[in-house]
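For reference, the structure is listed below as structure tokens.
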Amino acid sequence: MQQQYPFREIEQSTQQQWDKSNAFRAEPDQSKPKYYCLSMFPYPSGKLHMGHVRNYTIGDVLSRYHRMKGFNVLQPMGWDAFGLPAENAAIQNKVPPAQWTYDNIAYMKKQLKSLGFAIDWSRELATCQPEYYKWNQWLFLRMLEKGIAYKKTQVVNWDPVDQTVLANEQVIDGRGWRTGALVEKREIPGYYLNITGHAQQLLDDLDKLPGWPERVKTMQANWIGKSVGVRFAFTHDIRDNGQLIDDGKLWVFTTRADTIMGVTFCAVAAEHPLATLAARSNPELAAFIDKCKQGSVMEADIATMEKEGMDTGLTVTHPLTGEQVPVWVGNYVLMSYGEGAVMAVPAHDERDFEFAKKYGVPIKAVIQPGEGEREKGEGKNHTPSPPAGGEGRGEGASPFTLHPSPALPFVEHGVCVNSDKYDGLNYEAAVDAIAADLKAKSLGDKQVNWRLRDWGISRQRYWGCPIPIIHCDNCGDVPVPDDQLPVKLPEDCVPDGSGNPLNKREDFINCTCPKCGKPAKRETDTMDTFVDSSWYYARYATSTAASGFSDKAMVDAETNHWMPVDQYIGGIEHAILHLLYSRFWSKVMRDMGLVNYDEPFANLLTQGMVLNHIFSRRTDKGGIEYFAPEEVELVHDEHGKVTGAKLLADNQPVDFQGMGTMSKSKRNGVDPQALIDQYGADTARFFMMFAAPPEQTLEWSDSGVEGSHRFLKRVWNFGHALSTEAPTELPAKLNGSLASARREIHSTLKQANYDLDRQQFNTVASAAMKMLNAVEKVQKDAEADWLGVAREGFSILLRMLSPIAPHITQTLWKKLGYGDDILQATWPQPEESALVQDEIELVIQVNGKLRGSMTVARTADKSAIESMAVAHPSIQKYLEGVSVRKVIVVPNKLVNIVVG
RNA sequence: GCCGGGAUGGCGGAAUUGGUAGACGCAGCGGACUCAAAAUCCGCCGCCGCGAGGUGUGGGGGUUCGAGUCCCCCUCCCGGCACCA
């Protein structure tokens, strides 16, 4: 009779034991290597979603594996608790955001606990707690003192839906990153952090992160966007009401100063002052400018968009030649980058070339391929020039031949021609000489341009960390003194959608000026929530030994013990913003002597999204109606191939739209709670690990979940069966089939250990299944001494599986008498003696094609194997009428007989 | 358009350095047990072919005794982006 797999009881009781014994409490221990494993903390939105389950299971598997390998593991958890959803919920339910947030935290914490994660809950924090955000405020004041934080009034991105300012990074294609609303421009004072001051370091230190995915580093480097060039001015005498515009200088930035002698026009952005002036007397131009401003900002459109422009009729003076250069308005020039104006060299720039051809602007070639440089491809196929220092020596480069007139535009580096005194100079020399000449005329110099902008952190929102500033009529903006921190956010406000409720809280606003003592007003702006998440990992790592986190210091010596995070796990969606801000914040804290690390996250794992089927149907009205997967049944043909799907309710077909991320609108979400309730935490965890490698997307599958559950049931039943036998030790000598079963177990373990170290958990789960198949077979064959092999194999299986399915493995570990606590067990290692074979099966190939196999002694030498293979009966027919040219022996693998 | 990453059975996915393609699971098919069903267990399962055999990792070429893996060209898919001067 089969014993039921009572997952509810065993999961509950195991979790209670862990709670009672404080099993996952982490204290520094110098005798062991530390392993700080961190998953990105969740926003307490109400309940966990599948992405959380996947994220935290990956972290937990890594934590538990390292713990059993002898590391001193810290795995904390907390809550990214400030933010807009709480305010939106408040508007809807008339509940204060604080209450909503704390309720959600309580529920989600219960869910996390029910998944059995090995978390040190004594280090739990929520960013909306004054004990935490006090230190946001404190560090902000330090930054203010050092000029890293400053106030300015600037045109900002205003999200009309959220009624707040957005950082440049939070504007995607002209729309708010959260709301998708079209962003408006508004002038508003706010506080900024000088992240651009760290741009070079943030770029350089990416090289210190070999444990980060390459693509994340590329994304960050692109975002920082360093470009080295020359900033210089064309001069002019263009006046508006007698007032010289921009002091008579049209500034431009170029990375190709070597082409300056080829300038045939300038192009300015639609918002440029020269454009504005010219438009005033030219309605046609005004209309064009309006069109440019409305132009699509969608990336895909823009890439294929026609380059358009219009002559302003204005001219400026070339700083080196003194020639008059016409000024055009171009739809491809952006006011927000560089100077909002460019010099145009059609001969050596793709866009300028296209533009000049279209409008008949002259094209003047001033660069030719240099010595050893070859024109690559034809016409428009421009591959980048070889890296600097390579002197352009391409493999197989033929001796230099003249390239009198390369196809234009020629955009690679070369040698100046047609450029007076610069003729013959290569790129570097020409840029140096030209920059020097411009500098001598006070009309320019070398400059580095960054795409990265300073980080605006002011938000006109209630549910965030108050900015600790007091506005005094006498003294201006006065920082709140340290001893008055934290500036506490009142927790009983209920936003009604009409702006920041703090503006109506007299008890919050009214205060006395710390400087002059007169009545003053508090700042009501709060900080961007990316501030909160920029250092939470360091706070987790501070000492909590006394009784919780210190209120005396932001971080302490223990922070430096645990940091940096050895493994950070989270979604790719944070590849730029959160990770860049955290890196910046760490560098600021380091510069202030608060911490001793350069980079907060040594290794980064970006887990893939969780997808599910999307089913839909066109409605009569032309809309699209979505159906949840459980309302739909797949239709197969006789081979099991899916041919369609139908709705259970009406038996009519529905459209299968492929796989997509789980979302409410597509109705394809699966609630983790239902999964846990029906199958248990171990099944949920196992399926998450089994279905795909961590970095790839994971496709939801109900039958996959059932398969995972079925496997754990088999583990349980096998454990139960073993427990009815009296324990036996592994015998000293094994017969052939038991030895081979044991070899299967140990070689599977060897592979699993390799896979664990490369974080490929799906094949570790497979290995566990394979191992169960092996021990079940041993049991079924029931040869003498089977029990010893089965017990050893099962003890390996339980330990190997325990990071993924910790409850069932702990329960069986104890039940079978292997030990009291599997957490204290050592990680299994394959025994080399179990892996050796006396006889090896070799594959025989003829001309690389599989033709047979044979068994040889382990000790057989090469020539013996060769002659055995050639003499093997099953391949004789392939050797008839041909002669054996040679025989290749790959040890332990195969023999290839080459004939011809 | 540019930069990354991909493409392997009906499906999810395996295959350390080039060495038996398809591990493990799902789905499917057949069988056992059952009055029956569920559950469970056993077997089959890339494609073509009765079979011998042929063929097969998006397509085409190449290197090699041997290519999913390396090189060249092409197609498609997914992510990211900056018309960045």
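Note that the structure is predicted; figures quoted are calculated from it, not measured. Below, chains carry the letters A, B, ... as their sequence lines are ordered, and counting in each starts from 1.
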Does the plane of the ring in A/Phe232 sit parallel, tilted or perpendicular to the ring in A/Phe234? Use 30° and 60° as the thresholds. tilted
Nearest to the side chain of A/Phe690, which nucleotide is it out of B/A27, B/C24, B/G19? B/C24
Does any N or O in the side chain of A/His348 come within less than 3.5 Å of the main-chain N or O of A/Val366, such that one atom is a donor and the other an acceptor? yes
Distance check, C1' atoms only: B/G10 and B/U17, in whole angstrom units. 34 Å
What's A/Gly225 touching, base or sugar-phosphate or nothing? Going by heavy atoms closer than 4.0 Å. nothing
With A/Arg714 via salt bridge (Lys or Arg N to Asp or Glu O under 4.0 Å) - residues at least two apart: A/Glu776
Which whole-number value in Å describes the distance from A/Asn892 CG to B/U20 C1'? 14 Å
Span that lies between the P atom of B/G43 and that of B/C26, in whole angstrom: 14 Å
How many Å lie between CE on A/Met689 and P on B/G12, as a whole number? 19 Å
Using 4.0 Å as the upper bound for N to carboxylate O, is an ion pair formed by A/Lys777 and A/Glu744? no
Please output the side-chain donor-acceptor pairs of residues 762-772 of chain A that fall under 3.5 Å, not counting sequence neighbours, one pair per line with the distance.
unit_1	atom_1	unit_2	atom_2	d
A/Thr763	OG1	A/Asp755	OD2	2.7
A/Thr763	OG1	A/Gln760	O	3.0
A/Thr763	OG1	A/Gln760	NE2	3.0
A/Ser766	OG	A/Asn762	O	3.2

Of the candidates B/A15, B/A85, B/C24, the side chain of A/Ser766 sits closest to B/C24
Just compare B/U40, B/C81, B/U20 and give me whichever is closest to any side-chain atom of A/Arg451. B/C81
Please say whether more than 12 non-hydrogen atoms of neighbouring residues, nucleotides or ligands are located less than 6.0 Å from CZ in A/Arg451. yes
Quantified in whole Å, what is the C1' atom distance between nucleotide B/A7 and nucleotide B/G68? 11 Å
Measure all distances between protein nitrogen or oxygen atoms and nitrogen or oxygen atoms of nucleotides 5-7 of chain B, and list the pairs falling under 3.5 Å.
none

Sticking with atom P, work out how far B/G22 lies from B/U75, rounded to a whole angstrom. 33 Å
Span that lies between the C1' atom of B/G46 and that of B/A27, in whole angstrom: 15 Å
Look at the side-chain N and O atoms of A/Asn847 and state whether any lies under 4.0 Å from the OP1 or OP2 oxygen of B/G66. no
Span that lies between the C1' atom of B/C45 and that of B/G25, in whole angstrom: 14 Å
Derivation of the ring pair (Phe, Tyr, Trp, His ring centres under 6.0 Å) call for A/Phe7 and A/Trp716: CA-CA 10 Å; A/Phe7 60 87; A/Trp716 180 261; over 10 Å; no
Taking C-beta and beyond as the side chain, do A/Ile888 and A/Val895 meet within less than 4.5 Å on heavy atoms? no
B/G9 glycosidic conformation (syn if within 90° of 0, otherwise anti) is syn
Assess, by modelled atom type and distance only, whether the side chains of A/Asp454 and A/Thr196 contain a donor and an acceptor separated by less than 3.5 Å. yes
B/G1, OP1 or OP2 - any side-chain N/O from A/Arg351 closer than 4.0 Å? no
Find the distance A/Trp700:CH2 to B/G25:P and express it as a whole number of Å. 19 Å
Using a strict 4.0 Å threshold on nitrogen-to-oxygen distance, state whether A/Arg351 and A/Glu354 make a salt bridge. no
Roughly, in whole Å, what's the span from CD in A/Glu214 to C1' in B/G4? 10 Å
Could you walk me through whether A/Phe265 and A/Val327 pass side chain to side chain contact (heavy atoms under 4.5 Å, CB included), step by step? CA-CA 6 Å; A/Phe265 68 103; A/Val327 177; over 6 Å; no
B/C78 and B/A67: how far apart are their P atoms, nearest whole angstrom? 32 Å
Rounded to the nearest angstrom, tell me the gap between atom CZ in A/Phe687 and atom C1' in B/G25. 10 Å
Among B/C26, B/G19, B/A14, the one nearest A/Gln760 by side-chain distance: B/A14
Checking all strands, does A/Asn762 fall into the base, sugar-phosphate, or nothing category for heavy-atom contacts under 4.0 angstrom? sugar-phosphate
Choosing from B/A14, B/C24, B/G19, which nucleotide comes nearest the side chain of A/Asn773? B/C24
Using a heavy-atom cut-off of under 4.0 Å over every strand shown, decide if A/Ser701 touches base, sugar-phosphate, or nothing. nothing
Sugar-phosphate, base or nothing in reach of A/Arg885, heavy atoms under 4.0 Å: nothing
Just N and O in the side chain of A/Arg714: are any of them under 4.0 Å from OP1 or OP2 of B/U40? no
Under 4.0 Å, heavy atoms only, any strand: does A/Val333 hit a base, just the sugar-phosphate, or nothing? base
Near-ring test A/Tyr332/A/Phe355, centroid separation under 6.0 angstrom: yes
Whole-Å distance, A/Glu695 CD to B/C78 P, equals 20 Å
Take the protein atom CG of A/Leu580 and the nucleotide atom P of B/C81, then report the distance between them rounded to whole Å. 13 Å
Pairwise N/O distances under 3.5 Å, protein to nucleotides 54-57 of chain B:
unit_1	atom_1	unit_2	atom_2	d
B/G54	OP2	A/Arg851	NH1	3.3

RNA chain B: A/Val898 or A/Met335, which has the more 5' nearest nucleotide? A/Val898
So what's the dot-bracket for RNA chain B: Watson-Crick or G-U pairs under 3.5 Å, [ ] if a pair crosses, | if it pairs off-strand? (((((((..(((......[....))).(((((.......))))).(((....)))..(((((..]....))))))))))))....
Among B/G25, B/G13, B/U20, which nucleotide has an atom closest to any side-chain atom of A/Gln845? B/U20
Which nucleotide wins on minimum distance to the side chain of A/Met219, given the candidates B/G80, B/A14, B/U16? B/G80
A/Arg758 side chain, from C-beta outward: closest of B/A14, B/G25, B/A15: B/A15
Determine which pairs satisfy salt bridge (charged side-chain N to carboxylate O under 4.0 Å, His left out) with at least one residue from residues 220-234 of chain A, sequence neighbours left out, and list them in order. A/Arg231-A/Glu339
So do A/His413 and A/Ile367 actually touch side chain to side chain, heavy atoms under 4.5 Å? no
Which nucleotide wins on minimum distance to the side chain of A/Met769, given the candidates B/C81, B/G25, B/U20? B/G25
Side-chain N,O (A/Lys713) to OP1/OP2 (B/A39) below 4.0 Å: no
Assert yes or no for the condition that the ring centre distance of A/Phe686 to A/His709 is strictly below 6.0 Å. no
What nucleic acid atoms does A/Gln696 come within less than 4.0 Å of, heavy atoms only: base, sugar-phosphate, or nothing? sugar-phosphate
Rounded distance (Å) that lies between atom C1' of B/A82 and atom CZ of A/Phe253: 14 Å
Of the candidate nucleotides B/C42, B/U16, B/A82, which contains the atom at the shortest distance from the side chain of A/Asn222? B/A82
Taking the C1' atom in each of B/G51 and B/G5, what is the distance between them to the nearest angstrom? 45 Å
